[in-house]
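Here is the structure we will look at, set down as structure tokens.
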Amino acid sequence: MTLDKVSLVYDRLLERYGRQYWWPIVEDNESRYLPEYSNREKTGIEKLEIAIGAILTQNTSWKNAEQTLLELKKKGVLNLESLLCLSHDEIAVLIKKSGYYNQKAKKIKELVGFIQEKLSGRIEQLSMSGSDKARNELLSLWGIGRETADSILLYAYDMPFFVIDAYTRRIFYRTGLIDGDEEYDDLRFYIESSLPKDIAVYKEYHGLLVEHGKIHCRKTPSCRACPLADICVYYESNAM
DNA sequence: CGCCAGGTTGTTG
DNA sequence: CAACAACATGGC
């Protein structure tokens with residue numbers, strides 16, 4: 001029954017918000033959500049952009065991360081070579097708008113160093129590793145936690161990992177699907193096992209949860225016209 | 001103006 | 001292992 005609920009929530013959100021076509025690509029001063037981009041295999045530079053974006057948006061609004069990505073692009077440094085050459089301090093200045101710029105500069109250096117090692121050929125390519133191995137390798141990097149790793153693997157490498165973020169936890173908690181204090185991977189397994197093992201569904205569902213979290217299921221909920229009102233145990237008819 | 005944002009790591013009891 | 005602090009800017 002809760003198994004059905006995971007799918008029910010998906011259907012409701014899809015019906016309300018429509019396809020999301022995640023992950024967004026920043027272009028012409030805004031984020032774009034394009035079916036032709038979402039569906040196709042990513043190029044190396046696109047994978048890098050997704051990974052950097054995943055780091056920049058850690059506990060930070062996408063608006064801020066988006067602006068940073070745009071500036072990095074305009075300055076022509078959103079590529080492996082540039083990021084490898086730039087110093088920690090130079091990167092920190094460039095990404096200031098995304099907050100936590102010292103930590104994130106370190107994380108970016110870690111990541112590009114890792115990718116460089118992979119591409120140098122001494123080590124097998126990330127995409128050639130098994131999915132679980134690739135995940136563990138990303139998790140071994142300083143600054144890459146579960147959500148960031150899963151975002152990179154799902155959206156850049158088309159690997160079947162469901163991304164659990166703050167919105168996912170909040171929405172599933174309020175709709176009574178979870179207790180709220182589950183371990184990340186326990187929650188991930190639960191959701192993955194409740195859904196068809198379909199990359200497109202994983203991508204879409206996470207995008208829908210974020211959209212719903214921004215519009216209705218905010219920290220202080222805005223329940224009027226919520227598409228999940230009838231199945232939400234925390235529905236507050238008075239909440240705006 | 002205060003609250004919050006698509007987390008992760010390090011420290012402490 | 002759980003709780004908590006630290007990290008930081010910009011949008012609304």
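Quick note on labels: first sequence line is chain A, next is B, and so on, each numbered from 1.
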With a 4.0 Å cut-off on heavy atoms, is A:Tyr100 in touch with a base, just the backbone sugar-phosphate, or nothing at all?
base
Matching residue for A:His216 among A:Cys223, A:Cys232, A:Pro227 - test: side-chain contact (heavy atoms from CB on, under 4.5 Å)
A:Pro227
For every nucleotide of nucleotides 8-13 of chain B, 5' to 3': is a protein heavy atom under 4.0 Å from its base (B), only from its sugar-phosphate (S), or from neither (-)?
SSS---
Could you state the interatomic distance from CD (A:Glu147) to CD (A:Gln58), rounded to the nearest 0.5 Å?
8.0 Å
Using Watson-Crick or G-U wobble pairs with both distances under 3.5 Å, give me DNA chain C in dot-bracket, 5' to 3', with [ ] for crossers and | for pairs to another strand.
|||||||.||||
Which pair of heavy atoms, one from A:Phe161 and one from A:Ser131, lies closest together, and at what distance?
CZ-O, 3.6 Å
Looking at A:Glu36 and A:Arg40, is there a salt bridge between them, counting it only when a charged N and a carboxylate O are closer than 4.0 Å?
no
What's the separation between atom NZ in A:Lys63 and atom CD in A:Glu30, rounded to the nearest 0.5 Å?
9.0 Å
If you round to the nearest 0.5 Å, how far is CG of A:Asp165 from OH of A:Tyr184?
8.0 Å
Contacts of type salt bridge (Lys or Arg N to Asp or Glu O under 4.0 Å), residue A:Arg135, not counting sequence neighbours:
A:Asp150, A:Asp185
What is the distance, to the nearest angstrom, from the CG atom on A:Asp185 to the P atom on B:dG7?
16 Å
Walk me through whether A:Leu56 and A:Ile108 qualify under side chain to side chain contact (heavy atoms under 4.5 Å, CB included).
CA-CA 9 Å; A:Leu56 292 177; A:Ile108 288 171; 4.2 Å; yes
For A:Lys73, what residues pass the side-chain contact (heavy atoms from CB on, under 4.5 Å) criterion, not counting sequence neighbours?
A:Ile25, A:Val26, A:Glu49, A:Leu78
Note: chain A reaches DNA chain C at heavy-atom distances under 4.0 Å over the stretch, first to last nt, 5' to 3', of C:dA2 to C:dG11
C:dA8 and B:dT11: how far apart are their P atoms, nearest whole angstrom?
16 Å
Need to verify one output field. Residue with the more 5' nearest nucleotide on DNA chain C, A:Asn59 or A:Lys63?
A:Asn59
Residues from residues 158-170 of chain A lying under 4.0 Å of DNA chain B - heavy atoms:
A:Asp165, A:Ala166, A:Tyr167, A:Arg170
B:dG7 P sits how many Å from A:Lys104 NZ, rounded?
9 Å
Going by heavy atoms closer than 4.0 Å, what residues in residues 88-97 of chain A are next to DNA chain C?
A:Lys96, A:Lys97
May I ask you to decide if A:Ala65's main-chain N or O and A:Thr57's side chain share a donor-acceptor pair within less than 3.5 Å?
no
P gap between C:dC7 and B:dC1, integer Å
23 Å
When the ring planes of A:His206 and A:Phe162 are compared, do they come out parallel, tilted or perpendicular, using 30° and 60° as the limits?
perpendicular
Where along residues 12-21 of chain A does a heavy atom come under 4.0 Å from DNA chain B, residue by residue in number order?
none
side-chain contact (heavy atoms from CB on, under 4.5 Å) filter on A:Val93, not counting sequence neighbours, yields none
Identify the two heavy atoms, one from A:Gly76 and one from A:Ser82, that lie closest to each other, and give their separation to 0.1 Å.
O-OG, 3.5 Å
When the ring planes of A:Trp22 and A:Tyr155 are compared, do they come out parallel, tilted or perpendicular, using 30° and 60° as the limits?
tilted
Distance col, row A:Asn102:CG vs A:Asp89:CG, nearest 0.5 angstrom, shows 7.5 Å
Restricting to pairs with a member in residues 37-57 of chain A, which pass ring-ring contact (aromatic ring centres under 6.0 Å, His included), not counting sequence neighbours?
none
A:Glu137: which residues meet the side-chain contact (heavy atoms from CB on, under 4.5 Å) condition with it, sequence neighbours left out?
A:Phe114, A:Lys118, A:Leu126, A:Ser129, A:Lys133
For A:Ala149, the side-chain contact (heavy atoms from CB on, under 4.5 Å) test, sequence neighbours excluded, returns A:Leu138, A:Leu139, A:Ile144
